[in-house]
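Just below is one structure, and these are the notes that go with it.
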Amino acid sequence: MRQFPIILIPPEIQRIAQSKPAIPEFTTKIPQAPLPPSSIDVKKTLYLTGALILFVAVVALMAKELAIIILLLGTVAIIVQVRYQFTTYKTRYQSYQEAFQRYLLVLENYSREDLKYQQEVAIALAPERVRGFRQQQLQKFWASLTVKLAPSDRGLPIAEAAKISPTLEEPIYQFGCQLQKAVTGIVYQGTKLHISSLSLDLSPALVYVEPNLPIPIAIEVVKDEQSSSKLTQDNLSDRFLNNAGWIIIKFSQAQIWRLPETCCEEVIKLLEKIGLQ
């Protein structure tokens, strides 16, 4: 069973809809705080003691007297090293205090740089800038396509359609009028397209076009009783239009008739998704 609405967006437009302007690179590295000194480096002392014991044990296998001498000398060296750490602690702590003050100055400068960078990012990624960036890409994308919707092929704006063609399908026309009130672009009815390569003449139920962007959105209404041959033809035309840069959204006939407000909301969500609303 088909689930409506069915939305077909060309891959390039999907990419553009997710794109964002380039943001400046933040190259300043966060400063590292100096480590406070300890009066005695216990870890280093234990490491030296362990190494001494291991070395003495190896030497004792060959010469016990030499091992005893090494043990005594090593013990004295460790005691001297510990004593040196203890007596120089005050000097080392003063050096740490000076280094910490310098660190605070560097950190303050880093914070200012980071705040400035965050402000630049916020400006670069402001909603209006992102929207303008995406619309610029959409303009380039449409300029590169060979199949475009000429103004003469758009049909009539929905507001004028009923005056010219009184035999319009009532549910579609009413939906078109309701949609026109909710969007900034123009909703057309009676669009005629000829696909010579497929020998097909297409007439979407409605076509929506933004005023400043040539992005046509075909709004189709699928009848529950459509034959398999008609569905196959629709699939061919869908692929052609999608490859030509068209966006397609399909509703069921029952949706248009019973839930026109919800259908309008779905179209607006689509416009917001691709950055046109």
Side-chain angles (χ1 to χ4, degrees), residues 3-32 106-151 154 176 178-188 191 193 204 206-220 237-251 255 261-277:
Q3 298 293 322
F4 293 97
I6 298 171
I7 301 175
L8 304 174
I9 303 176
E12 179 61 14
I13 293 183
Q14 292 185 46
R15 184 197 66 79
I16 292 173
Q18 300 298 321
S19 65
K20 293 181 180 179
I23 59 175
E25 186 178 355
F26 189 64
T27 57
T28 305
K29 295 182 178 180
I30 185 169
Q32 298 296 320
V106 175
L107 182 62
E108 183 180 358
N109 182 64
Y110 171 84
S111 299
R112 285 197 297 267
E113 295 269 339
D114 183 58
L115 179 60
K116 181 181 177 182
Y117 172 74
Q118 295 300 332
Q119 291 172 342
E120 291 175 353
V121 171
I123 292 172
L125 299 182
E128 61 275 7
R129 290 207 174 192
V130 173
R131 189 181 305 111
F133 173 76
R134 291 173 180 173
Q135 290 182 354
Q136 193 175 45
Q137 288 193 84
L138 288 171
Q139 289 278 19
K140 292 180 181 178
F141 171 64
W142 273 93
S144 67
L145 296 176
T146 56
V147 180
K148 296 181 174 66
L149 180 63
R154 293 179 180 178
Q178 194 161 348
L179 178 61
Q180 183 63 81
K181 295 176 182 178
V183 294
T184 57
I186 300 175
V187 179
Y188 293 90
T191 303
L193 295 171
L206 298 169
V207 170
Y208 174 78
V209 180
E210 276 286 314
N212 300 319
L213 286 171
I215 309 292
I217 299 177
I219 302 171
E220 298 281 14
S237 61
D238 289 348
R239 284 200 296 270
F240 178 86
L241 291 178
N242 223 218
N243 291 335
W246 281 62
I247 299 166
I248 303 170
I249 181 168
K250 295 187 177 187
F251 298 102
Q255 281 179 308
E261 296 87 357
T262 303
C263 294
C264 287
E265 291 174 2
E266 291 293 338
V267 174
I268 292 173
K269 287 180 185 177
L270 172 61
L271 294 175
E272 291 174 346
K273 180 178 180 180
I274 60 178
L276 294 181
Q277 192 78 334

Between [atom1] on residue [X] and [atom2] on residue [Y], distance to nearest 0.5 Å:
X      : Y      : atom1 : atom2 : result
Ile247 : Ile13  : CD1   : CD1   : 4.0 Å
Thr184 : Leu271 : OG1   : CG    : 7.5 Å
Gln135 : Ile16  : CD    : CD1   : 11.0 Å
Ile217 : Leu270 : CD1   : CG    : 5.0 Å

Side chains of residues 109-120: which donor-acceptor pairs under 3.5 Å do they make with residues two or more places apart or in other chains?
residue, atom, partner, partner atom, Å
Ser111, OG, Leu107, O, 2.9
Arg112, NH1, Glu108, OE2, 3.3
Tyr117, OH, Pro24, O, 3.2

Locate the shortest heavy-atom distance separating [X] from [Y]; write the atom from each residue and the value.
X      : Y      : result
Gly245 : Trp142 : O-CZ2, 3.0 Å
Gln14  : Ile9   : NE2-O, 2.7 Å
Val106 : Pro31  : CG1-CB, 3.7 Å
Pro216 : Val209 : CA-CG2, 4.3 Å
Asn242 : Trp246 : ND2-O, 3.0 Å

For the backbone of Ser19 and the side chain of Arg134, can you confirm whether one donor and one acceptor N or O come within less than 3.5 Å of each other?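 Checked: pair present.
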Report yes or no: does Tyr208 contribute a side-chain atom to a donor-acceptor pair with the main-chain N or O of Gly185 at less than 3.5 Å?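 Checking the backbone N and O of Gly185 against the side chain of Tyr208, a donor-acceptor pair under 3.5 Å is found.
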Residues two or more places apart in sequence or in another chain: which of them pass side chain to side chain contact (heavy atoms under 4.5 Å, CB included) with [X]?
X      : value
Glu220 : Pro204, Ile248, Lys250
Pro5   : Ile249, Phe251, Gln255, Glu266
Ala126 : Glu128, Arg129
Gln178 : Pro260, Glu261, Cys264

What residues, two or more places apart in sequence or in another chain, satisfy salt bridge (charged side-chain N to carboxylate O under 4.0 Å, His left out) together with Arg15?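 Applying salt bridge (charged side-chain N to carboxylate O under 4.0 Å, His left out) to Arg15 gives Glu12.
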Can Ile274 and Leu138 be said to form a side chain to side chain contact (heavy atoms under 4.5 Å, CB included), step by step? CA-CA 10 Å; Ile274 60 178; Leu138 288 171; 5.7 Å; no
